[in-house]
Structure formats: structure tokens, C-alpha cells
Amino acid sequence: MTLPKTVTLIEVGPRDGLQNEKNIIPTDIKIKFIEALKQANINEMELTSFVSPKWVPQMKDADEIIKACLEPGKRHFVLAPNQKGVERFYAAGCDHIAVFVGVSTTFNKKNINKTTEESMAELAPLIRDLKARGKFVRACISTAFYCPYEGKVEKEAAVDLCGRFAELGVDELSVADTIGMANPKDVYALFSRLKESLPENILLTGHFHNTRGTALANIYACLEAGVDRFDTSAGGLGGCPFAPGASGNVATEDVLFMLNEMEIETGIDMEKLLEAVDLIRPHITRSLDSKIYGLRMAGNHT
Ligand code: HMG
Ligand code: MG
């Protein structure tokens, strides 16, 4: 068994983490949270989304977040689902975009108000143009294992959608277990298949929600398949408002603990990361799904 020696954790707390929060968090708190995450030496992060403020009110301050937090030289992503989102991305002077599509068309319709095919038809020319302009394109593939509306998703359907994005020239594929239903066996099978079938220059990332406590096992299955990038969320915040039953992303600190103990390097500073969680916690209305942060709250230092 050969596991990666280093792993990159892409912090999705400021985007996936906060988008599902009902109370609107003040913009200055979000900015302080992002700055604290940067202090923990996190270099890749989803900062916010260019989506409809009517659909996701929490993300309506995206332009202010970008203005305050975007740092040249860092992979700071903004999500965009359509032409209007891409226009806002160009206008804000960003370099790293994350588009998102569901394998399951029912989920895509609930999330973006388009079928998967309609989204692909809109995104294909936009991605070609983004690449022609030298932008970094990350494609987030939702419901790669299971859909809250359609049930189990066929592995080949996920492989096929990833292949179509690869043909469009994306730089990264982030493949998601949107509602935390995947198991390590299926995760190993899908990610091994993607490792074989995708061009080597495309970064492959795992995105696991921890609804049923299987995210760490799924990450370990990915490591065995040779995957060395994971989306994680400080404090275990997260969830998609249009995916009923989805709880938070796996907590960055829980993944960091496991990787540290396995002597896999990430470059992330645990103490500073927990300070970032301290900062956002008073503004979150539900309890955090984080073992390591829970231990710290109980007085057990890690
Ligand atoms: P729609 O209502 O069909 O949009 O929504 P429309 O094109 O008919 O336009 C309606 C209005 O929205 C117009 O404004 C547009 O200008 C505006 P009006 O004329 O009424 O004033 N509009 C926009 N405004 C700002 N930014 C935009 C934009 N587009 C249109 N980009 C739409 C379609 C895609 C906009 C809507 O469905 C939407 O915003 N969806 C976003 C949903 C979302 O953010 N979901 C969470 C992120 S994905 C996720 O969490 C999964 C992931 O974590 C992986 C995983 O775990 O699976 C990535
Ligand atoms: Mg997600």
C-alpha cells in the first residue's frame, strides 16, 4: 500500500460551510474567518459564490468578500453556476472559478433550475472561454454517489460526466458525496476508475459530507486510490440548501488530525485552524460536527 506523502486540503468553510446557515452572518465576520483560515496556512479555499441572492441569501455579499479577501498567487475559488455568475467572476477580477453540476438531473434542477444537460450546454462555451483567458477551472460534481431525490447514482454516470468536463479542459474535478451516503468500497471503486480514466494533469479531489459519519473512512479509501486532495470545512460546517438531509462537510481539523497522525504533510497549523473555528462558532446556530473541536471545548488539548 502506497499512501501519498503530502495532501492538499481545500477549505470550503466560507462557502459550503456558511451557505446553509439560516441567519445572515455579518460580512466582517466572514472576512475575519477567512483571514484566520489564511493564518492557519490554508492556501486553497472557496471564498464565496456568485449565485442568485434570492436562492442563497447568505452569499449576497460575494463581491465584498472577494474585494477584501482575494489574494493573487493563492487558489481562491468562487463558485458560479451560469453565465451571469461567470460575468460577475470576470468583473470581480478573479482567477479561479468553481462551476458545479449534479450527475443527477433532479438534483441539478432543484439546485440550479436546469437539467444536467441544460447546465452542460450553458457551461461548455463558458469553460472554453475561461480556459482561453487563462483561468483555472474547477468543476464540482455533485451527487456522484447518491441523490436525495433519485437514489443511488450509477458509477458510470459519474465517470461519464467527469470525462465530459475533462474534454472541456478543466483543471480540477471535485467529486462529491453530497448527502453523505457513500461507503469506502464504492468510493475506492469510483476514484480508482477516475484515476485510470482521467488525464494525469487534471487534479482529482474528494468532497465528503459527514451526514452518517463515514467521511473519514471515505477519505482513507481515496488515499488508497492515490487521491491527495480533499475539500474540508473548518468546524464541520456545511451543506447544500437544495439537498435535503445533507449535513456538514467533514471537519478540516478532524481530517488534519488523522493525516498528522499518519505523518502525511498538509502544511496546516492545527492551533490556528481551531482559532478560526473559535471565531465563527458564535455565529452558527447549530452544534458543530467536529470531534477535534469538541475535545478542545471539553478541555482536552490535541
Ligand atoms: P433562476 O431563477 O432559474 O435564474 O435561478 P434566472 O436565470 O431565471 O434569473 C432569475 C434572476 O436571478 C434574475 O434576476 C437573474 O439576473 C438572477 P432578476 O431579473 O429577477 O432580478 N441571477 C443571478 N444573480 C446573481 N448571480 C447569478 C445569477 N444568475 C441569475 N449567478 C440560479 C438559477 C442558477 C441563479 C439559481 O438556481 C441559483 O442561484 N442556484 C444556486 C444554488 C447554490 O448556490 N447551491 C449551493 C452550491 S452547490 C453545492 O453546495 C454542492 C457542492 O458543495 C458539492 C456537493 O456537496 O455536492 C459544490
Ligand atoms: Mg458540498
Side-chain angles (χ1 to χ4, degrees), residues 10-21 45-63 65-66 77-92 94 97-104 106-116 118-123 126 137-150 153 158 161-162 165 170 172-182 190 205-211 215 218 230-234 236-252 289:
I10 300 95
E11 176 60 43
V12 299
R15 193 280 303 172
D16 202 331
L18 301 184
Q19 72 185 11
N20 212 18
E21 273 302 304
M45 197 172 345
E46 288 183 352
L47 296 183
T48 184
S49 302
F50 288 138
V51 293
S52 161
K54 285 187 195 128
W55 282 61
V56 190
Q58 189 68 259
M59 296 287 116
K60 69 170 185 272
D61 55 4
D63 284 299
I65 298 286
I66 292 302
F77 295 99
V78 190
L79 266 71
N82 60 6
Q83 168 136 18
K84 170 111 191 217
V86 174
E87 283 164 11
R88 292 178 66 194
F89 170 87
Y90 286 132
C94 304
I97 197 165
V99 297
F100 52 102
V101 174
V103 182
S104 148
T106 310
F107 172 75
N108 205 64
K109 189 93 183 144
K110 300 271 186 193
N111 198 32
I112 312 181
N113 207 18
K114 283 194 162 65
T115 64
T116 301
E118 286 165 349
S119 276
M120 289 306 285
E122 181 173 18
L123 287 175
L126 295 171
V137 180
R138 160 177 159 97
C140 301
I141 309 297
S142 285
T143 57
F145 297 92
Y146 211 91
C147 166
Y149 308 100
E150 291 184 19
V153 169
L161 189 61
C162 289
F165 275 109
V170 300
E172 179 183 9
L173 280 156
S174 169
V175 178
D177 177 22
T178 307
I179 57 168
M181 276 292 290
L190 176 60
T205 302
H207 178 113
F208 295 101
H209 286 264
N210 199 30
T211 319
N218 288 335
F230 300 97
D231 294 344
T232 62
S233 176
L237 304 169
C240 174
F242 309 103
S247 72
N249 291 87
V250 64
T252 308
D289 177 17

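Here the structure is a predicted model, which means the values were calculated and not measured. One-based numbering, in listed order, for ligands and for the atoms of each. Numbering starts at 1 and runs along the sequence shown.
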Heavy-atom distances under 4.0 Å are what count here, so tell me which part of [X] touches ligand 1: side chain, backbone, both or neither.
X: Arg88; result: side chain
X: Phe100; result: side chain
X: Asn82; result: side chain

Which of the atoms in ligand 1, numbered in the order shown and given with their element, are less than 4.0 Å from a heavy-atom of [X]?
X: Ala176; answer: 54 (C), 55 (C), 56 (O), 57 (O)
X: Asp16; answer: 53 (O)
X: Pro81; answer: 34 (C)
X: Gly85; answer: 31 (N)

Under 3.5 Å: N/O of [X] near N/O of ligand 1:
X: Phe242; value: no
X: Val51; value: yes
X: Thr143; value: no

Would you say Lys109 has more than 12 foreign heavy atoms packed within less than 6.0 Å of its NZ?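 Yes - once you tally the heavy atoms of other residues, nucleotides and ligands closer than 6.0 Å, there are more than 12.
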Test item: side-chain donor near acceptor, Asp16 and Ser233, under 3.5 Å: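 Absent: no donor and acceptor within the cut-off.
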State, without any angle test, whether Thr205 and Ser174 hold a side-chain donor-acceptor pair at a distance under 3.5 Å.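 Looking only at side-chain atoms, Ser174 and Thr205 do not form any donor-acceptor pair under 3.5 Å.
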Among all protein heavy atoms, pick out the one at the shortest distance from [atom]; state its residue, atom name and that distance to 0.1 Å.
atom: atom 58 (C) of ligand 1; value: Arg15 NH2, 3.4 Å
atom: atom 50 (O) of ligand 1; value: Gln19 NE2, 2.7 Å
atom: atom 51 (C) of ligand 1; value: Ser142 OG, 3.5 Å
atom: atom 32 (C) of ligand 1; value: Ile112 O, 4.1 Å
atom: atom 16 (O) of ligand 1; value: Lys84 NZ, 3.1 Å
atom: atom 3 (O) of ligand 1; value: Asn113 ND2, 2.8 Å
atom: atom 40 (N) of ligand 1; value: Asn111 O, 3.0 Å
atom: atom 24 (N) of ligand 1; value: Ser52 CA, 3.7 Å

Name the one of Val56, Asn113, Ile112 that satisfies side chain to side chain contact (heavy atoms under 4.5 Å, CB included) with Phe242?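 Only one option passes, and that is Val56.
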Does any part of the side chain of Asp231, heavy atoms only, come nearer than 4.5 Å to the side chain of Arg138, both counted from C-beta?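 They are in side-chain contact.
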So is Ser49 in contact with ligand 1, going by heavy-atom distances below 4.0 Å?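 No heavy atom of Ser49 comes that close to ligand 1.
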Looking only at heavy atoms of Met59, does any of them come nearer than 4.0 Å to an atom of ligand 1?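 Checking ligand 1 against Met59, which is what was asked, there is no heavy-atom contact under 4.0 Å.
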Go through the steps for Cys240 and Gln19 under the test side chain to side chain contact (heavy atoms under 4.5 Å, CB included), then give the verdict. CA-CA 7 Å; Cys240 174; Gln19 72 185 11; 4.0 Å; yes
Taking the six-membered ring of Phe50 (Phe, Tyr or Trp), confirm whether the NZ or CZ of Arg88 is under 6.0 Å from its centre and within 45° of its axis.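 Arg88 over Phe50 ring: no.
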Identified side chain to side chain donor-acceptor pair (under 3.5 Å) counterpart of His207 within the set Asn249, Asp177, Thr178: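 When Asn249, Asp177, Thr178 are each tested with His207, the side chain to side chain donor-acceptor pair (under 3.5 Å) holds only for Asn249.
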Does atom 9 (O) of ligand 1 have a protein non-hydrogen atom under 4.0 Å from it?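 No.
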Contact bool for atom 47 (C) of ligand 1 (protein heavy atom, d < 4.0 Å):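 So far as the 4.0 Å threshold goes, atom 47 (C) of ligand 1 is in reach of a protein heavy atom.
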Walk me through it: do Ile179 and Phe107 pass the test side chain to side chain contact (heavy atoms under 4.5 Å, CB included)? CA-CA 11 Å; Ile179 57 168; Phe107 172 75; over 6 Å; no
Report, as a single number, the protein N, O or S atoms less than 2.8 Å from the Mg ion (ligand 2).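 Atoms of protein N, O or S type lying less than 2.8 Å from the Mg ion (ligand 2) total 3.
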